[in-house]
K.L.:
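Okay, here's the structure, questions in a sec.
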Amino acid sequence: MDLASCPLDTDVTVLAVDPDCEACLRMHELGLRVGTCVRVTHRGPAGARVVAVGATRVAVDARTAALIAVAAPAGAGAR
Amino acid sequence: MTTTCHDAGGGTLPADVAAVLLVGNPNVGKSTLFNTLTGARQSVMNAPGTTVELHLGTWRAADLALVDLPGTYSLVPRTPDEMVVRDTLASRGDAAVLVVVDATALSRSLYLLAQAGAQRPVAVAVTMLDVARTQGHAPDLDRLAAILDVPVVAVDPRSGTGLDALADAVRAARPLADVPDTAGLAPLEAADRLFGWVDDVVTRLDPPAPAPRTRSDRVDRALLNPWFGGPVFLAAMWALFELTTTVATPVMDLVDGWVGALADVTRGALGGAPAWVSGLLVDGVLVGVGTVLTFLPLLAIIYVALALLEDSGYLARAAVLADRLMRVIGLDGRAMLPIVIGFGCNVPAIAATQTLPTSRQRLLTGILVPWTTCAARLPVYVLLAGVFFPQDAGTAIFAMYVLSLVLVVVGGLVLRRTLFRDVRKDPLLIVLPTYQRPHLRGIARSVWGRVQGFALKAGGIIVVTLTAVWVLMAVPVGGADAQPGPGVPVEDSLYGAVAQTISPVFAPAGFDDWHFSAALVTGFVAKEVAVGALAQSYAVADDSAAGLGEHLRATLEASSGGHAAAAALAFMVFVLAYTPCLATASEQWRRFGGAWTVRMVGIQLAVAWLVAVAVFQVGSRLGGLG
Ligand SMILES: Nc1nc2c(ncn2[C@@H]2O[C@H](COP(=O)(O)OP(=O)(O)OP(=O)(O)O)[C@@H](O)[C@H]2O)c(=O)[nH]1
């Protein structure tokens, strides 16, 4: 599962970020890095996703969201 | 005062500026803090070889010089602005850095702190504590100071809370104690190692649980919804356009009226003086000052609107909503704002490029804005379309608007592949700030500063150039027996001579005639007077369109070899594409510097000429436009 396909309002953990992606380091710096717990809060225009990283909200386009592999942490459910 | 500074010994600041450097993520409140600390004691300079602005100020209470650097997430730069931050820090190894940390995004801010403070003295100012408290996870700052072992102060830059303690903190600045060494590591590895340190600090601080859904999330549910958010965004853009036109015009007319009255009074007062003296003072200098003054309310209105959009947090959402559209020309979604404003007036549109996140994007947008066809160009289209395309005047005018969009898009595509290859088509990756109520006192302060900046810097250029134009019009040439002064007929003036000299350039576009080239020269100063200039050059009142129309038709029939309509269309296209007005060029000069402004004017003239020639050559051959 990746950030583009994961359900809304569900806590997930980042498993991997495609290391070849354009803005990989910047994603890292904005908190989208392996092991972080994140949540997709909205789907925006053109498939953009708004991702909650702690108290921060980061908007990413659909293609970029698809580069971030995530998994539901054990025992976590939809809010 | 904008001073362009030259590189002093490898740094980006002159060597004699000993200053505390203000560093922080975008939108942490760094500029608000800088403005509150320095008040009016500020100056702006460009980092050498760039259009990146550095703000210098005096922090009177601490008796320190302060430099506000561009916002950045990292010292591993992705843009020229971020590069300037890195280079300034590198060239000033000993200067203390005041790192502004966002309490709602601690990890992200601590990462930058770790990069900035490993080797040099740092102090930390924590902002956004009010927002963090509402979200229920304000960090314990005493604890943070103990873990970091550097001074940490809570501030609210908007109200000035905590600023007294900040001066002491900066004096007590010292390097961070135990940041891991990342020398020689690849950027990703270095980031990982630093984030290891950040995570450790955050864990020891008692980390906040992932925030529950917030009020901002609920608002975003509507405003980022493609079906609801799209129309709201369009409504916001429409409102901006209306502010630039319907709302601003009566205020500008009012100021214009006052300036006119002042001109009459001055002329009366100078009754006994020679005609050229009152001409120079009233029609030269005072008209220049009046032009500057009429733009001030418009700029103030647009600055307030932009500040409201920015401070409320909506601007970042606009960037998301317009991302797909603006991405076509490699620009951030926020570039939509200057482009929309440009259809009203190009001057505030150039000013609105400030909302873009990087200096290169601001510059690229600043080059494209003049191709948005402002309201002042409409009277030229209306006059020529009415005379030459009486049956299809609406279509001809509409075509100008379509061509305007085409020029913006094609211009953007070409520039992105030539002069702006470095403007990367980054994926959309943008932090959405929490929505909040704009802080009106802060807005008033920043709008006042910006309007003042325009009046003093762009204003100076406008007054000097308009005075020079008056002189050109008042100096008789070619054996004319007129005395220098206001009564010189246009064709006998130095101005007319200039128009006659350049007019053959327009032969391939079908309007090699001094009346038209003189109108273009006047239009360079201000488009709204181009129609008046045409009328004046035929010595007809500009409201007698019928009489003027006959003159125009006869002139273009002769200059185009019988293809007057094609020549008229070419002239309209030239008016659309060349330099919009002196005020726009002056504002470009203020923002992007003289070299870029000259280059922009060159690009505009070249493109306008090429498109006008193409239109005439094709139009005259098609025959339908004969
Ligand atoms: N609630 C709250 N808002 C703040 C605080 N400090 C600044 N702001 C607001 O945050 C917004 C961004 O502030 P700026 O000063 O423009 O941020 P900046 O760090 O200079 O941003 P860049 O120019 O992108 O580097 C403005 O609307 C400020 O009024 C604070 O402590 N609390």
Side-chain angles (χ1 to χ4, degrees), chain A residues 2-4 8-14 16-68 70 72-73 76-79, chain B residues 25 73-74 76 78 102-108 111-112 128 131-132 135-137 187-188 190-192 194-195 199 202 207-214 216-217 220-221 223-227 229-230 233 316-317 319-325 327 424-434:
Chain A
D2 57 49
L3 266 191
L8 287 186
D9 283 330
T10 306
D11 286 343
V12 290
T13 305
V14 177
V17 180
D18 187 338
D20 294 330
C21 68
E22 247 288 292
C24 192
L25 178 59
R26 189 44 53 91
M27 287 201 238
H28 218 76
E29 292 167 341
L30 293 182
L32 292 165
R33 52 180 184 275
V34 175
T36 319
C37 179
V38 299
R39 193 169 70 231
V40 177
T41 58
H42 312 290
R43 268 190 212 112
R49 300 289 193 277
V50 179
V51 187
V53 187
T56 301
R57 301 293 180 266
V58 183
V60 294
D61 55 46
R63 259 188 58 205
T64 308
L67 298 174
I68 304 171
V70 294
R79 280 160 177 266
Chain B
N25 288 168
Y73 292 112
S74 166
V76 181
R78 285 182 70 76
D102 180 343
T104 66
L106 212 50
S107 298
R108 206 172 66 215
Y111 172 71
L112 182 63
M128 305 289 176
V131 183
Q135 293 175 348
H137 55 81
L188 255 179
D192 267 335
L194 288 182
F195 272 116
D199 288 343
V202 173
R213 189 177 307 158
T214 61
S216 280
D217 287 335
D220 273 341
R221 181 133 294 183
L223 292 188
L224 288 179
N225 176 299
W227 299 109
F233 173 71
R317 276 72 184 182
V320 176
L321 289 159
D323 179 71
R324 267 294 264 276
L325 200 58
R327 185 165 289 271
R424 281 185 280 191
K425 215 184 223 172
D426 272 347
L428 174 71
L429 192 60
I430 181 172
V431 173
L432 302 177
T434 308

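Residue numbers start from 1 in every chain, and the chains themselves are labelled A, B, ... in the order their sequence lines are given, proteins ahead of strands.
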K.L.:
Which one, B/L106, B/D199, B/L224, leads in non-hydrogen pairs under 4.5 Å with chain A?
P.N.:
B/L224
K.L.:
Chain A heavy atoms under 4.5 Å from B/R324: which part of the residue, side chain, backbone, both or neither?
P.N.:
side chain
K.L.:
Using 30° and 60° as the class limits, which term best fits the ring planes of B/F195 and B/Y111: parallel, tilted or perpendicular?
P.N.:
parallel
K.L.:
Select one option (side chain, backbone, both, neither) describing which atoms of A/A48 are under 4.5 Å from chain B's heavy atoms.
P.N.:
side chain
K.L.:
Among the options A/L30, A/V51, A/T41, pick out the one with the most heavy-atom pairs lying under 4.5 Å from chain B.
P.N.:
A/L30
K.L.:
For A/T64, which atoms come within 4.5 Å of any heavy atom of chain B: side chain, backbone, both, or neither?
P.N.:
side chain
K.L.:
With heavy-atom distances below 4.5 Å as the criterion, would you say the side chains of A/R57 and B/D220 are in contact?
P.N.:
no
K.L.:
Is the closest basic N to carboxylate O distance between B/R221 and A/D9 below 4.0 Å?
P.N.:
yes
K.L.:
If you round to the nearest 0.5 Å, how far is OG1 of B/T104 from CD of B/Q135?
P.N.:
6.0 Å
K.L.:
Less than 4.5 Å apart, any side-chain heavy atom of A/R49 and any of A/L3?
P.N.:
no
K.L.:
What part of A/R33 is in contact with chain B, defined as an atom under 4.5 angstrom from a non-hydrogen atom: side chain, backbone, both or neither?
P.N.:
side chain
K.L.:
So which of A/A59, A/G44, A/A62, A/G35 has the biggest tally of heavy-atom pairs under 4.5 Å with chain B?
P.N.:
A/A59
K.L.:
If I measure from the heavy atoms of chain A, does B/V131 come under 4.5 Å with its side chain, its backbone, both, or neither?
P.N.:
neither
K.L.:
Using a distance-only test with no angle check, is there a side-chain donor-acceptor pair under 3.5 angstrom linking A/H28 and B/D192?
P.N.:
yes
K.L.:
Heavy-atom cut-off 4.5 Å, strictly under: side chain, backbone, both or neither for B/N25 against chain A?
P.N.:
neither
K.L.:
With a 4.5 angstrom heavy-atom cut-off, is it the side chain or the backbone of A/V50 that approaches chain B, or both, or neither?
P.N.:
side chain
K.L.:
Are any non-hydrogen side-chain atoms of B/S216 and B/L432 less than 4.5 angstrom apart?
P.N.:
no
